[in-house]
Amino acid sequence: MRTIDSFAAAVHRKRRERGLTLGEVAAKAGYSASYLSKLLHGHRALLPTVVHDLDTVLAADGELDKIAAAQRGDSRAVTRPVQLPAAAADFVGREEQLQAMDHALITQGRPGATVTIVIEGGFWVGKTALAVHWAASVQARFPGGCLFADLRGLAPGAPAEPEEVLDGFLAALGVSAAELGTSSLQTRIARYRSLLAERPAIVILDNVAGYRQAEWLLPGAGSVVLATSRERQSGLLARTGGTAIELPPLRPGQAIELLGRRAGEARVRASAAAAELVVEQCGCLPMTVLIAAEHLQRHRETTLDELADRLSSDKTRLDLFTSSDPAVNIHGVVDVSYLALPAMARRVFRYLGVGPANVVGAESVAVLTELDLERAGEAMRLLAEAHLVEPLADGRYRISHLLRAYAHQRALVEERLSEVERAHDCALRWYAATAWNANNTLIPSWANSGITPENLAGVEPMSFKEGGFEAAMAWCEREVATALQVARNARTYGAKDVLWLLPTAFLPYFVLTRSWNTWLVAAHDGLAAARAAGSDAGVARSLQALGWVEYELGRTDDGIAHLEEALRRHDELGDDRSRAWTAYGLGLAYAGSDRFAEARELHELADRLFADAAVKVGAAVNRAALAEVCDQLGLANMAMEYALDALNRAQEFSSKAVLGIAHQRIGVLLSRHGQHRAALKHFDEALAVRGRSWQSWGAAETLISRAKALCELGQVEQARETYSRSLELLDALRDIRAVDVRTRLASLEAGSSPTARDLGSALTN
């Protein structure tokens with residue numbers, strides 16, 4: 001009774017020191033005042049969990065735990081192991097994951113339940129650091145402390161034996177060596193779970209191989225199991241009902257913050273662009289960023305620009321992460337994951353290192369590896385489960401710069417050089433041929449591709465006959481960035497012509513979507529590749545693409561010069577189809593410079609060439625352009641005839657893109673001649689077919705024209721709403737016309753009603 005009195009006296013002393021009533025102590029600890037009173041009077045057992053909660057609430061620093069242990073006569077209960085390794089000195093980010101772990105602790109912590117959290121992610125992504133950081137923040141809640149073991153599931157050497165880890169945990173919990181030596185395995189498992197049932201703990205199982213390795217180490221109710229793994233732990237999660245935390249690399253800003261903390265924030269700020277490139281080449285992995293930072297600290301003479309150049313080279317990228325220390329040797333770390341793969345998945349991984357793209361779909365992987373689509377997809381799923389590739393929301397996969405460099409080295413060692421060259425060029429041809437098929441579906445009979453049986457050997461590109469326009473547009477939106485990266489970075493062995501074909505193949509996509517920045521890059525890349533390959537057709541096609549986008553961007557003089565040269569070259573080559581499209585583009589550029597008579601000559605030339613080549617889409621859009629030019633020349637009746645003819649032609653196509661152009665042109669003509677109500681009907685028809693995301697530019701154009709017509713009709717409120725809708729689209733596109741629209745909106749807000757003439761030439765068409 002004396003000991004119980006000592007415990008009660010200690011509780012009362014601590015609560016008085018903190019100015020708390022017994023009821024307040026009970027509420028803070030999560031118990032009723034009645035229960036706490038009975039506990040202090042000896043009518044309830046001093047359960048370790050309850051005692052620890054009181055010790056925590058009263059900040060008794062373990063004093064209450066020790067007094068209660070003495071009362072129970074159990075010296076082992078005093079043992080509270082905290083086996084956490086040292087936490088990372090510079091822990092950044094991970095707010096989303098930490099919040100998810102806190103949520104799991106709250107929602108899974110039901111009576112009789114064990115909270116299980118599995119952190120999954122690739123090598124060096126910071127799984128252990130996250131586990132330790134979180135455990136350190138919550139371990140005070142657990143009277144049993146924190147147990148930690150590295151199970152070496154995917155690590156050099158043999159995996160840890162679960163029985164040895166179990167005995168280590170029991171010893172840390174106060175079980176004597178004699179008891180361990182005389183007990184059966186099942187008895188020791190039961191003893192372990194009984195101890196943690198009395199005194200719940202956090203159990204960290206780092207680098208777990210699977211459920212079988214962890215099974216004996218899973219505690220009973222009240223405790224938390226925190227497991228980390230490089231592989232998917234479906235079995236462990238299925239049996240425990242746990243929460244999976246997928247740990248991605250750091251975000252670029254977080255990786256730069258980590259680099260700055262170690263290498264010096266001022267140094268990083270002074271070379272911000274180089275720092276961005278360094279963390280990108282490091283894959284934004286905490287360990288690789290820290291290795292890079294440590295290198296900068298040891299080699300103060302090395303600049304961030306020099307380090308970025310070193311990491312950007314395929315030959316030297318992995319050198320920085322190669323060491324005699326296994327913990328920081330990328331080869332040894334990745335070897336374990338790579339060698340655990342089935343043979344087919346290892347081969348696919350090697351070929352990802354020699355392929356021309358770091359973002360791939362199952363179709364391009366099948367071409368690269370000469371596998372059927374199903375087996376290529378299965379191999380990619382296995383690589384994703386091993387966290388050697390990152391699955392993307394659109395069904396494709398990304399391989400990091402570091403893993404791609406590792407895979408490349410493996411391929412050079414394990415594959416024949418001739419096969420490596422074949423695979424690379426085959427993938428390159430596939431991208432070019434598929435891009436051509438897709439863009440020729442967007443605008444049928446666009447141009448002669450220049451692709452011949454020789455440079456298509458062994459390639460079966462994707463066909464868009466079933467999905468039609470929508471499937472082709474979806475492929476272009478998804479793959480254009482990858483395709484241009486392929487063309488820019490490829491070191492082809494026998495497909496140099498493809499390096500200009502690929503950028504120029506996307507011209508229909510660019511024309512339809514007005515993706516000006518990408519269009520400009522593609523045009524320059526195509527021109528450089530065509531000149532390097534000595535291709536006259538490639539130079540002509542690339543100049544056409546370059547001149548057209550320069551005109552669209554307002555660089556009219558440069559655009560006209562390049563289009564004029566392209567037209568001359570197409571004439572010399574006898575490529576009338578490309579000549580027709582170039583004449584059409586040059587006519588637009590002349591009209592934009594108020595050279596309407598010359599523009600008419602070019603559009604009439606294009607009209608004849610399109611008719612001779614039976615390019616129906618070209619004829620339709622060119623007639624719409626002729627309508628505008630004739631109207632500017634004072635030929636209003638002829639202009640409307642051309643516009644109506646363009647509309648009739650557009651109605652023949654399954655794609656609605658040309659229909660939107662035709663209705664827009666008729667609406668502009670009608671509005672210009674005072675027929676604003678009739679114009680609104682055509683603007684509404686244009687908007688009805690310009691609702692897709694890739695048509696945002698065209699929708700904004702029509703909304704501006706519609707708002708102008710509404711202003712002329714005195715419908716100011718509707719005009720304001722229409723301008724606002726166009727402004728949302730223009731802001732999303734970062735289009736300079738947003739400035740003019742804001743001016744119009746401000747004018748409307750001020751109470752003046754602008755007319756069409758007020759908008760100026762920037763908003764006319």
Face-on cation placement of Arg188 at Tyr192 ring, 6.0 Å and 45° thresholds =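 Cation-pi check for Arg188 and Tyr192: fails.
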Beyond-backbone contact of [X] with [Y], side-chain heavy atoms, under 4.5 angstrom:
| X | Y | answer |
| --- | --- | --- |
| Phe123 | Leu403 | yes |
| Cys146 | Gln83 | no |
| Arg410 | Asp335 | yes |
| Ser693 | Glu477 | yes |
| Tyr351 | Val360 | no |
| Gln485 | Asn358 | yes |
| Val333 | Arg230 | yes |
| Ser364 | Met462 | no |

Nearest heavy-atom pair of [X] and [Y]: which atoms, and what distance?
| X | Y | value |
| --- | --- | --- |
| Ile291 | Leu320 | CG2-O, 3.6 Å |
| Pro219 | Val225 | CD-CG2, 3.2 Å |
| Gly222 | Pro200 | O-CB, 3.3 Å |
| Leu54 | Ala29 | CD2-CB, 4.0 Å |
| Thr243 | Ala104 | OG1-CB, 3.7 Å |
| Gln254 | Val92 | O-CG2, 3.7 Å |

Salt bridge check, [Y] against [X]: does any charged N sit closer than 4.0 Å to a carboxylate O?
| X | Y | value |
| --- | --- | --- |
| Glu479 | Arg396 | yes |
| Glu378 | Arg375 | no |
| Glu215 | Arg239 | no |
| Glu257 | Arg251 | no |

Parallel, tilted or perpendicular: which fits the ring planes of Phe91 and His133, with parallel below 30° and perpendicular above 60°?
->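 Parallel: the ring planes of Phe91 and His133 meet at under 30°.
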Under 3.5 Å side-chain donor-acceptor pair for [X] and [Y]:
| X | Y | result |
| --- | --- | --- |
| Thr228 | Asp206 | yes |
| Arg350 | Tyr338 | yes |
| Arg317 | Gln409 | no |
| Arg404 | His401 | no |

As an exercise, state the distance from [atom1] of [X] to [atom2] of [Y], rounded to the nearest 0.5 Å.
| X | Y | atom1 | atom2 | result |
| --- | --- | --- | --- | --- |
| Leu247 | His387 | CG | NE2 | 8.5 Å |
| Leu226 | Ile245 | CG | CD1 | 9.0 Å |
| Asp53 | Tyr31 | CG | OH | 3.5 Å |
| Cys282 | Leu250 | SG | CG | 11.0 Å |
| Ser194 | Glu198 | OG | CD | 7.0 Å |
| Leu290 | His295 | CG | NE2 | 14.5 Å |

Worked check of side-chain contact (heavy atoms from CB on, under 4.5 Å) between Trp134 and Ile119 = CA-CA 12 Å; Trp134 182 80; Ile119 303 173; over 6 Å; no
Among all residues two or more places apart in sequence or in another chain, which pass the side-chain contact (heavy atoms from CB on, under 4.5 Å) test with Ala149?
->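 With sequence neighbours excluded, Ala149 shows a side-chain contact (heavy atoms from CB on, under 4.5 Å) to Leu151, Val165, Phe169, given in chain and number order.
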side-chain contact (heavy atoms from CB on, under 4.5 Å) against Glu161, all qualifying residues, sequence neighbours excluded =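 In terms of side-chain contact (heavy atoms from CB on, under 4.5 Å), with neighbours along the sequence ignored, Glu161 is linked to Glu164.
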Leu217 and Leu166: side-chain contact (heavy atoms from CB on, under 4.5 Å), yes or no, with the steps?
-> CA-CA 6 Å; Leu217 307 173; Leu166 174 65; 3.8 Å; yes
Test item: [X] side-chain N/O and [Y] main-chain N/O as donor-acceptor pair under 3.5 Å:
| X | Y | result |
| --- | --- | --- |
| Glu294 | Ala263 | no |
| Arg15 | Leu58 | no |
| Glu163 | Trp216 | no |

Taking atom CZ of Arg398 as the centre, does the number of heavy atoms from other residues, nucleotides or ligands within less than 6.0 Å exceed 12?
->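 Atom CZ in Arg398 is not crowded, with 12 or fewer foreign heavy atoms closer than 6.0 Å.
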Which pairs pass salt bridge (charged side-chain N to carboxylate O under 4.0 Å, His left out) with one or both residues in residues 84-97, sequence neighbours excluded?
->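 The answer is Asp90-Arg262.
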